[in-house]
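These notes concern the structure reproduced below.
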Amino acid sequence: QVQLVESGGGLVQAGGSLRLSCSASGSIFSIDTMGWYRQAPGKQRELIAAIISGGSTNYADSVKGRFTISRDNAKNTVYLQMNGLKPEDAAVYYCRANIRTLGGGPYGQDFWGKGTLVTVSS
C-alpha cells in the first residue's frame, strides 16, 4: 500500500506565500516523477509543476517565476513554494507521484493524494 498526503494549504492574502508538502509512504522501492496539480471550481485538473528524481523541473506558464518545486528523496517528499499568490491560484492542490513498489517490477504507477485547499483573498 502506498499513500500520498498533502499539507500546507490555507487562506492567504493576494501577494502572500504558502509552502505545500507531500509525503509518500508505504511499500516504496523508488519514486520517479512527482508533480503538483490544481483544480479550481468549474475547471479541470491541470498540471502546475513537475520534478524528476534527478532534479529537473517543469512549470506551467501561469506559475513560472512565482512557484518553485523541490524534493527530498530521502524523505520521499515533494514541496511547492508558492510566492506572489493571485486570486486565480485558488484551488485544491493535488500531489501525484509515479512510484515503483516493492516487488512490483521495473515500471511505476501513479498515485494521488487527496488534495489540500488553497484560498487567496483580495
Side-chain angles (χ1 to χ4, degrees):
Q1 181 179 352
V2 172
Q3 184 179 31
L4 300 181
V5 179
E6 304 100 332
S7 63
L11 171 64
V12 296
Q13 292 280 345
S17 298
L18 283 175
R19 189 192 191 212
L20 307 183
S21 299
C22 171
S23 295
S25 61
S27 300
I28 298 170
F29 177 76
S30 65
I31 302 177
D32 191 4
T33 303
M34 304 185 81
W36 288 97
Y37 294 70
R38 68 187 182 191
Q39 187 168 20
K43 295 185 177 181
Q44 295 205 22
R45 191 172 300 185
E46 61 176 339
L47 175 65
I48 299 304
I51 184 168
I52 64 172
S53 60
S56 296
T57 59
N58 292 102
Y59 298 92
D61 288 342
S62 60
V63 305
K64 285 182 179 177
R66 299 189 296 122
F67 292 9
T68 302
I69 189 171
S70 61
R71 64 191 289 169
D72 185 335
N73 291 334
K75 296 181 178 179
N76 292 330
T77 299
V78 63
Y79 306 94
L80 185 68
Q81 178 67 47
M82 304 187 295
N83 298 326
L85 284 163
K86 304 174 181 179
E88 54 262 42
D89 294 320
V92 177
Y93 283 72
Y94 297 91
C95 174
R96 182 199 64 81
N98 186 267
I99 299 174
R100 300 179 188 178
T101 57
L102 293 174
Y107 301 107
Q109 61 189 90
D110 286 342
F111 294 88
W112 289 86
K114 293 184 177 180
T116 184
L117 179 64
V118 172
T119 57
V120 184
S121 64
S122 59

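The shown structure was predicted, so the numbers you read here are calculated from the model rather than taken from an experiment.
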What one should report as the nearest heavy-atom pair of Tyr93 and Glu6 is O-OE2, 4.0 Å
Pairwise side-chain contact, Ser23 with Lys75, heavy-atom cut-off 4.5 Å (strictly under): no
| query | Sub-3.5 Å donor-acceptor pair from the side chain of Arg100 to the main-chain atoms of Gly108, do we have one? | reply | no
When rounded to the nearest 0.5 Å, the distance separating CG of Asn83 from OG1 of Thr68 is 6.5 Å
query = Should Leu18 and Tyr59 be regarded as members of a common hydrophobic cluster, given that ILVMFWY residues are connected when their side-chain heavy atoms come within less than 4.5 Å of each other, either directly or indirectly?
reply = yes
- prompt: Looking at Asp89 and Lys86, does any basic side-chain N land under 4.0 Å from a carboxylate oxygen?
  reply: no
Looking at side-chain heavy atoms only, is the closest gap between Gln109 and Val2 below 4.5 Å? no
- Give a yes or no on whether Val63 and Val118 share a hydrophobic cluster (residues Ile, Leu, Val, Met, Phe, Trp, Tyr; joining criterion: side-chain heavy atoms under 4.5 Å apart). yes
Are Asn76 and Ile99 side-chain neighbours, meaning at least one heavy-atom pair lies under 4.5 Å?
no
>> Within a 6.0 Å radius of atom CD on Gln44, are there more than 12 heavy atoms belonging to other residues, nucleotides or ligands?
In response: no
All heavy atoms of Ala90 vs all of Thr119, minimum pair found to be CB-CA, 4.2 Å
So CG of Leu85 and OG of Ser122: to nearest 0.5 Å the spacing works out to 12.5 Å
Tightest non-hydrogen contact, residues Ser21 and Tyr79, listed as OG-CD2, 3.3 Å
* Asked: Cluster question for you: counting only ILVMFWY and a side-chain heavy-atom cut-off of under 4.5 Å, with indirect links fine, are Val92 and Leu20 together?
  -> no
Notebook entry, point to check: Is it true that a side-chain atom of Arg71 and a backbone atom of Gly54 form a donor plus acceptor pair closer than 3.5 Å?
Noted result: no
Closest non-hydrogen atoms of Cys22 and Leu4, given as atom of the first, atom of the second and distance, are SG-CB, 4.0 Å
Problem - Sub-4.5 Å side-chain heavy-atom contact between Tyr107 and Asn98 - result: no
In short, Ala97 meets Ile31 closest at the heavy-atom pair CB-CG2, 4.1 Å
inquiry  = Please say yes or no: joined through hydrophobic side-chain contacts below 4.5 Å, possibly via intermediate residues, are Met34 and Tyr94 part of one cluster?
reply    = no
The reported gap from CD in Glu46 to CD in Gln39 (rounded to nearest 0.5 angstrom) is 9.5 Å
Discussion item. Please check: side-chain N/O of Arg66 versus main-chain N/O of Gly84, any donor-acceptor pairing under 3.5 Å?
Written reply: yes
Query raised in the report: Do Trp36 and Phe67 have ring centres separated by under 6.0 Å?
Result: no
Check your understanding: Tyr37 and Arg96: side chain to side chain donor-acceptor pair (under 3.5 Å), yes or no, with the steps?
Key -> CA-CA 8 Å; Tyr37 294 70; Arg96 182 199 64 81; 3.2 Å; yes
**Asked** Is there side-chain contact between Arg38 and Leu80, with heavy atoms separated by less than 4.5 Å?
**Response** no
On a heavy-atom basis, the closest approach of Ala60 and Leu47 is CB-O, 3.6 Å
